[in-house]
Amino acid sequence: MIKFFEKLLNLIYIQPCYFCGSKKEDGIICPHCYRKIHFMPPAVLKEQFDSKIYACCLYDEITKKLIKDLKYHNKKILASLQAKIMYEYWQQLDIKGEFIILPVPIHKNRLKERKYNHMDITADELSRLTNFEVNKNFLLRIKDTEKQFKLHKKERIKNIKNAFDINKDINIKKDTKLLIIDDITSTGITLEEIIKLLKRNGYNNITALTTATPDIWN
């Protein structure tokens, strides 16, 4: 009888998989759904201005739901999963040393609308796994841009140009290793704009890590 009630309680309180609803395993994602994630090989996706851009996995069924629900539907619990994916991929890379994590910022208008920056939350979770420091205020988004996915490549370049600045009141040493993180990269234009900004301001040790990328760049 005791074992029966223990099993019943487990069924009631176990956290179902967010992606398929299975209660066979406790956690945000079950092993079956996690195996569906198509991790990228530990190689540079793109190199820009001597800075390397990496993407952890393909933007497909699981990562699409993860990113959209975390970003637009207030599912902050998913930030820990996004950080786990990034951390597991990061461990495969031959990159040494301590970094400061810089989440890609959103404009104050977007922040007012959403109430949070999903990459700030992910940065905190990634910091717990890596022990890297996080700085959420060094990068500033000073231009309220249109959503990049709606635009063609030339329009994206124009849209994101001069969209960012750095906070001159925050002192980060020029030789610091910086890790820019974002959820998805398609053309890489947003990350390139941030890298250019940092380079202009004397920062040369820059790496960018994104959760996902589409299988075809446009």
Side-chain angles (χ1 to χ4, degrees), residues 19 28-29 31-68 70-71 78-105 118-119 121-135 139 148-149 151-153 156-157 160 164 175-200 203-218:
F19 300 91
I28 297 170
I29 187 169
H32 174 71
C33 287
Y34 196 76
R35 285 192 296 269
K36 284 185 177 181
I37 298 172
H38 294 86
F39 276 90
M40 297 284 283
V44 177
L45 181 70
K46 190 173 185 181
E47 188 162 350
Q48 190 69 32
F49 313 112
D50 298 321
S51 297
K52 294 177 173 61
I53 299 172
Y54 297 90
C56 302
C57 47
L58 291 179
Y59 187 62
D60 54 19
E61 178 188 356
I62 299 295
T63 52
K64 183 177 182 180
K65 183 172 179 59
L66 162 64
I67 290 169
K68 286 193 171 182
L70 171 59
K71 190 171 186 175
L78 295 173
S80 61
L81 175 57
Q82 181 163 241
K84 171 184 167 66
I85 290 169
M86 299 179 95
Y87 177 64
E88 291 198 0
Y89 182 83
W90 179 259
Q91 287 184 303
Q92 297 181 60
L93 301 177
D94 188 24
I95 301 176
K96 310 296 182 186
E98 297 293 317
F99 285 74
I100 291 182
I101 300 171
L102 303 178
V104 171
H118 62 296
M119 292 314 301
I121 304 170
T122 301
D124 286 336
E125 295 291 339
L126 186 60
S127 174
R128 291 189 185 97
L129 295 170
T130 59
N131 290 318
F132 294 164
E133 179 186 339
V134 177
N135 195 307
L139 289 178
Q148 289 284 82
F149 70 85
L151 308 174
H152 296 295
K153 187 172 182 179
R156 291 180 181 190
I157 293 171
I160 207 71
F164 301 97
D175 60 350
T176 300
K177 293 181 177 181
L178 303 175
L179 177 61
I180 307 165
I181 65 165
D182 204 1
D183 53 6
I184 183 169
T185 182
S186 51
T187 58
I189 290 169
T190 298
L191 294 172
E192 289 174 17
E193 187 68 16
I194 294 173
I195 290 168
K196 281 193 294 185
L197 168 69
L198 292 169
K199 292 277 186 179
R200 286 198 304 269
Y203 296 93
N204 293 301
N205 203 332
I206 307 163
T207 302
L209 181 67
T210 67
T211 307
T213 186
D215 54 354
I216 299 175
W217 278 36
N218 49 35

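- Because its NZ or CZ atom is both nearer than 6.0 Å to the ring centre of Tyr34 and within 45° of the ring axis, Lys84 counts as a cation-pi partner of that residue.
- Residues Ile184 and Thr210 form no side-chain contact, since every pair of their non-hydrogen atoms from C-beta on lies 4.5 Å or further apart.
- Atoms CD and NZ, on Glu192 and Lys199 in that order, are 12.5 Å from each other to the nearest 0.5 Å.
- In the model, Asp124 has no side-chain atom that pairs as donor or acceptor with a side-chain atom of Ser127 under 3.5 Å.
- A distance-only check finds no donor-acceptor pair linking the side chain of Thr176 to the backbone of Leu178 [under 3.5 Å].
- Checking side-chain atoms of Lys177 against main-chain N and O of Lys96 turns up a donor-acceptor pair under 3.5 Å.
- When the side chain to side chain contact (heavy atoms under 4.5 Å, CB included) test is applied to Ile121, the partners found at least two apart in sequence or on another chain are Lys76, Ala79, Tyr116.
- Annotation: side chain of Asn135 is not in contact with side chain of Ile101 (no heavy-atom distance under 4.5 Å).
- Within the 4.5 Å cutoff, side-chain heavy atoms of Phe49 are placed close to those of Ile195.
- Considering only heavy atoms from C-beta on, Val134 stays 4.5 Å or farther from Leu102 through its side chain.
- Using modelled atom types, one side-chain atom of Thr213 and one backbone atom of Thr185 make a donor-acceptor pair closer than 3.5 Å.
- The main-chain N or O of Thr187 is found under 3.5 Å from a side-chain atom of Lys46 such that the two form a donor-acceptor pair.
- Among the candidates Met86, Lys68, Lys71, the single residue satisfying the side chain to side chain contact (heavy atoms under 4.5 Å, CB included) test with Asp183 is Lys71.
- Atom CG of Leu197 sits about 7.0 Å away from atom CG of Leu139, to the nearest 0.5 Å.
- In this structure, a donor-acceptor pair under 3.5 Å is absent between the side chains of Tyr87 and Gln82.
- Looking at Tyr89 and Thr211, their side chains never come closer than 4.5 Å, going by heavy atoms from C-beta outward.
- Taking the side chain to side chain contact (heavy atoms under 4.5 Å, CB included) definition, one finds that Ala208 meets it with Ile53, Ile180, Leu191, sequence neighbours left out.
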